[in-house]
Amino acid sequence: MDTKQLTAEYGIAPLPADTAEAMAYVPFQPYAPELCKPVLGYENGTIFRALHKPFYGSACGGERDE
């Protein structure tokens, strides 16, 4: 669900209108999120697919680890 859909469905924006630098904000999450299987959730550290953000280290544009 994108920002426009969240705002239309729930009537609020996922983040505050006036955000400050260096402040952590947790965006609004939909009530019925897409879930993964428990075993995969255990491996990923979360059962919520939207929260699974794997870290690839240097594969993201840094120097290679060869």
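Note: the hydrophobic cluster containing Ile47 also contains Leu51 (ILVMFWY, side chain heavy atoms under 4.5 Å, direct or indirect links).
Here the NE2 atom belonging to His52 is positioned 9.5 Å from the CD atom belonging to Glu43, to the nearest 0.5 angstrom. Rounded to the nearest 0.5 angstrom, Thr46 OG1 and Lys53 NZ are separated by 10.5 Å.
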